[in-house]
Amino acid sequence: MAFKSNTISSTFTTNLPGDSNLNNHRRQVFEACYSYVFPKKPALASWIHFNQDLASELGVEDDQESLLPFLSGEIILKNTEPYAMCYGGHQFGHWAGQLGDGRAINLFDVSQNEKKYTLQLKGAGPTPYSRSADGLAVLRSSIREHLCSEAMHHLGVPTTRSLSLISSGDEVLRDVMYDGNSAYEKGAIVCRVSPSFIRFGNFEIFAHRGDKERLKTLADFTIKQYFKEIRSTGKTKYLDFLDHVVRSTATMVAEWQRVGFVHGVMNTDNMSILGLTIDYGPYGWLEGYDPNWTPNTTDRQNRRYRFGHQPQIAFWNLYQLANALYLLIDEAKPLEDVLDHYRSAFANAYLDKMHQKIGLDWKKKDHRSLLTDLEKLLPEIETDMTIFYRNLSD
């Protein structure tokens, strides 16, 4: 067996209400945090890349070849029940209703060295949340996620990770340029790894439906599992939870700005409650230092998710999470007070990271005016951001 049986569990499905409908057809799912679903068997799975470093962290015992059936979705590990999560979200500033894991299927949790990780397959077939899509992924975008999530990890940016990249052997129809000229591409499956894949949208869906019971159950579970340092009770518990999310989100976005990373689609369903970079879609990296740049072609007109706007969008998204938690607190002022912590948390994290980047100790002297001037100068001289800082360090 690839994983020791005593390290395998499914915390999410064990503790939260599931969908009573076991049929895998597209539909609205109510009063449930997830739906059970099996991955689609790939036509001919084959290895593209296996992340041995991450495998060692997970305590994987078997050789790479024996893992292929499990990480491609061809075989389900004994005594496990794969599932897709139910969540909603605001997309480009508008409530989109139910979204959910449309092309992601969670396999199980692995416990190792007092840490717990969830393994999730992206591109393993349709789920009840796939809407009109096929639930598959193409090799082109899968390579991008596999490489970038690991690059971000090693750059010190909070992120989900990628254990494997597998060719499915399937042909997947995609409209690459969004111009109506669809064509077949090679299919692929990525095995994502994270302590949790819970998003802001998991809370939003229940709040928008007025389902206080499921919202409270999810919030209590999340706090118990991932925020053990929270000892408070009652309404204060949920405020403390929001405060943790506010601060970790501020730190994550400060790290994005530090390395010139642009997420491209900061919808609330793409925001992790652990402050991790999640869902690598139309992301990109700054070349010339342009605060208005976005890699997302569908956002080119309004540039909502442009590089320089990411800190403000993170705050807007946190506001939506606070709106969801309002159903449990029934008071706006305490939530607003917690949200106020974001601006100082982001400013302090950003100043700290950027002072380190230019080699100065801001605790001895605050050089924020120097940083401000530098950020004004870089776009004017149209220099490459990464090359500039690399040369500066020399």
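A quick note: this is a predicted structure, and the numbers were derived from the prediction, not measured.
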Original post:
Taking atom types as modelled, is there a side-chain donor on Tyr238 or Asp220 under 3.5 Å from an acceptor on the other?
Top reply: yes

**OP:** Search all heavy atoms of Pro195 against all heavy atoms of Tyr226 and return the closest pair with its distance.
**Re:** O-CE2, 3.3 Å

Original post:
When you check the gap from the basic side-chain N to the acidic O, do Asp352 and Arg258 get nearer than 4.0 Å?
Top reply: no

Original post:
Just checking, is any N or O donor in the side chain of Arg303 or His309 under 3.5 Å from an acceptor N or O on the other one?
Top reply: no

**OP:** Assign the ring pair Phe346 / Tyr342 to parallel, tilted or perpendicular, where the plane angle (0 to 90°) is split at 30° and 60°.
**Re:** parallel

Subject >> Ser232-Asp240 side chain donor-acceptor pair, cut-off 3.5 Å >> reply: yes

Subject >> Residue pair Leu274 / Phe227, side-chain heavy-atom distance below 4.5 Å >> reply: yes

**OP:** Just jot down the side-chain hydrogen bond (donor to acceptor under 3.5 Å, both in side chains) partners of Thr14, sequence neighbours excluded, or say none.
**Re:** none

Original post:
Cation over ring, Arg343 on Phe315, under 6.0 Å and within 45°?
Top reply: yes

**OP:** Would you name the heavy atoms of Gly284 and Pro295 that are closest together and state the gap between them?
**Re:** N-CG, 3.5 Å

**OP:** Evaluate the side-chain proximity of Leu99 to Gln91: yes if any heavy-atom separation is below 4.5 Å, no if none is.
**Re:** yes

Subject >> Same apolar cluster (I L V M F W Y, side chains within < 4.5 Å links), Ile358/Phe388 >> reply: yes

**OP:** Taking the side chain as every heavy atom from C-beta outward, state whether Phe203 and Leu218 have any atom pair closer than 4.5 Å.
**Re:** yes

Subject >> Option passing side chain to side chain donor-acceptor pair (under 3.5 Å) with Asp101 (candidates Tyr34, Tyr129, Tyr87, Tyr83) >> reply: Tyr87

Original post:
Looking at residues at least two apart in the chain, or sitting in another chain, which of them share a salt bridge (Lys or Arg N to Asp or Glu O under 4.0 Å) with Glu114?
Top reply: none

Subject >> Any Leu318 side-chain heavy atom under 4.5 Å of Phe200 side chain >> reply: yes

Subject >> Side chain to side chain, Ser164 and Trp47, heavy atoms closer than 4.5 Å >> reply: yes

**OP:** Check whether any side-chain heavy atom of Leu360 sits under 4.5 Å from a side-chain heavy atom of Lys365, and report yes or no.
**Re:** no

Subject >> Inter- and intrachain pairs under salt bridge (charged side-chain N to carboxylate O under 4.0 Å, His left out), touching residues 186-208, at least two apart >> reply: Glu145-Arg192, Arg192-Asp279, Arg199-Asp279

Subject >> Under 3.5 Å side-chain donor-acceptor pair for Asp109 and Thr118 >> reply: yes

Subject >> Closest non-hydrogen atom pair between Ser149 and Thr159, with its separation >> reply: O-CG2, 3.5 Å

Subject >> Student check: side-chain heavy atoms of Leu147 and Ile143 closer than 4.5 Å >> reply: yes

